[in-house]
Amino acid sequence: MTTLVIFLQLLFIIPLTLGLNHPNCELTNTQDQGSTLRIFHIDSPCSPFKSSSPLSWEARVLKTLAQDQARLQYLTSLVAGRSVVPIASGRQMLQSTTYIVKAKIGTPAQSLLLAMDTSSDVAWLPCSGCVGCPSTTAFSPAKSTTFKNVSCSAPQCKQVPNPTCGSRACSFNLTYGSSSIAANLSQDTIRLAADPIKAFTFGCVNKVAGGGTIPPPQGLLGLGRGPLSLMSQAQSLYKSTFSYCLPSFRSLAFSGSLRLGPTSQPVRVKYTQLLRNPRRSSLYYVNLVAIRVAKKVVDIPPAAIAFNPTTGAGTIFDSGTVYTRLSKPVYEAVRNEFRKRVKPRNAVVTSLGGFDTCYSGQITVPTITFMFKGVNMTMPADNLMLHSTAGSLSCLAIASSPENVNSVVNVIASMQQQNHRVLIDVPNGRLGLARERCS
């Protein structure tokens, strides 16, 4: 794994004790149960990461589009097998975290908020005494009786970039824009809901140097397939199985959930095959066979949605991208059919940034269905349309994937996944889907 790939996954964690006092913040103030964690949106009233100076609706949409574009560049660069990703894109990708869960690390436990990311493999946090870290609060190893550094001889040390051995502990350096980051590979007990996971390996950042970009103060819980991911480290406990249900952006309660392990997973779920890409084995690929707009199956060139393990082209589910992206021929075919079925038929089409199918005034829109082998995923208007909070503008929240990459990946993103239970079952090689009210 290259230095650039690793540092692009670097996110920071800040303690939960940040005054989440909104009346609807029961989500973060109550205990998670069993192996189920509650999920809330990063912009919710319960989030310490929400902006202190809210953007206008249009500015927020454009900002999210830019962050999504950067993340798509990152994901498609990885699946193309390329080892270099533009640093500017990496910075934006780091800031596009959408959903957060609560965790506890150390003995006694220190409460933390971590971003949930199905396409990343690792967990990182700033440790106390960190010089130049963006947050004044950090995890304190000295206060944990179960904390330890990973030795240079440990196999995990070979899974980080540029490892060095100071004082016999595994440490490494990363480049982030014009800044550098020094970290130790460490282990401690992490508690997710009621489950303690001993000797969990994570990056413990102790120095950020340079006069350039400072890493953002956000946390990460990697749910990918890599060797340092939660699913790999806790394989004996969770059997490489988890499911999540993402709440609507518009819900203040944000009562989504992340269920870890095969126990208590829903029974009424339909499955499609999980595919594995050898170039980017962490991503969760599926076989998209067709797309339907209302009752019309759209005419799409088969090669535009085909899975290609050589180039990495295909379709993935990703919790970190906000708006679904489709390769250009797929998107244009779906968009054109969608426009035909919007009522009234004479509705004027406008654009907003990367969204080219926007309308002013009240409209009725058709459903869109992603058709996988074995299961269909039908999305009503709530999963498809962005609505202005101050005016009458609404936009189709699906866009074309960037074309300036070697291979294009179709991404089923978080807005389209909202109010669906998505079940990842790696041992049985399948992804399950079921409609569920998450908000």
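For reference, positions follow the sequence shown, starting with 1.
Atom OG1 of Thr241 and atom CD of Gln265 lie 7.5 Å apart (nearest 0.5 Å).
Judged as a salt bridge (charged side-chain N to carboxylate O under 4.0 Å, His left out), the pairs with a partner in residues 411-427 (not counting sequence neighbours) are, in order, Arg421-Glu436, Asp425-Arg430. For residues 262-314, there are no disulfide (SG to SG under 2.5 Å) pairs, not counting sequence neighbours. Residue pairs meeting the ring pair (Phe, Tyr, Trp, His ring centres under 6.0 Å) criterion with at least one member in residues 290-309, sequence neighbours excluded, are Tyr285-Phe307.
In this structure, Thr263 has no side-chain contact (heavy atoms from CB on, under 4.5 Å) partners at least two apart in sequence or on a different chain. Phe338 is linked by a ring-ring contact (aromatic ring centres under 6.0 Å, His included) to nothing, counting only residues two or more places apart in sequence or in another chain. Not a single side chain to side chain donor-acceptor pair (under 3.5 Å) links Tyr284 to another residue, sequence neighbours left out. Every side-chain contact (heavy atoms from CB on, under 4.5 Å) that Ala333 has, sequence neighbours left out, goes to Val298, Ile300. Residues forming a ring-ring contact (aromatic ring centres under 6.0 Å, His included) with Tyr238 (at least two apart in sequence, or on another chain): none. When the salt bridge (Lys or Arg N to Asp or Glu O under 4.0 Å) test is applied to Arg341, the partners found at least two apart in sequence or on another chain are Glu337. In this view, Ala290 and Val297, Met371 satisfy the side-chain contact (heavy atoms from CB on, under 4.5 Å) rule, not counting sequence neighbours. Scanning for side-chain contact (heavy atoms from CB on, under 4.5 Å) contacts around Gln233 gives Phe200, Thr201, Leu228, with sequence neighbours left out.
Residues Leu221 and Leu230 form a side-chain contact, since some pair of their non-hydrogen atoms from C-beta on lies under 4.5 Å apart.
Side-chain N or O atoms of Asp121 include none that pairs as donor or acceptor with a backbone N or O of Ser229 at under 3.5 Å.
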For a quick test of your reading: what N or O donor-acceptor pairs under 3.5 Å do the side chains of residues 347-364 make, sequence neighbours left out?
| from | atom 1 | to | atom 2 | distance (Å) |
| --- | --- | --- | --- | --- |
| Thr350 | OG1 | Cys358 | O | 3.3 |
| Asp356 | OD1 | Tyr331 | OH | 2.4 |
| Asp356 | OD2 | Arg335 | NH1 | 2.8 |
| Thr357 | OG1 | Arg339 | NE | 3.2 |
| Thr357 | OG1 | Arg339 | NH2 | 3.4 |

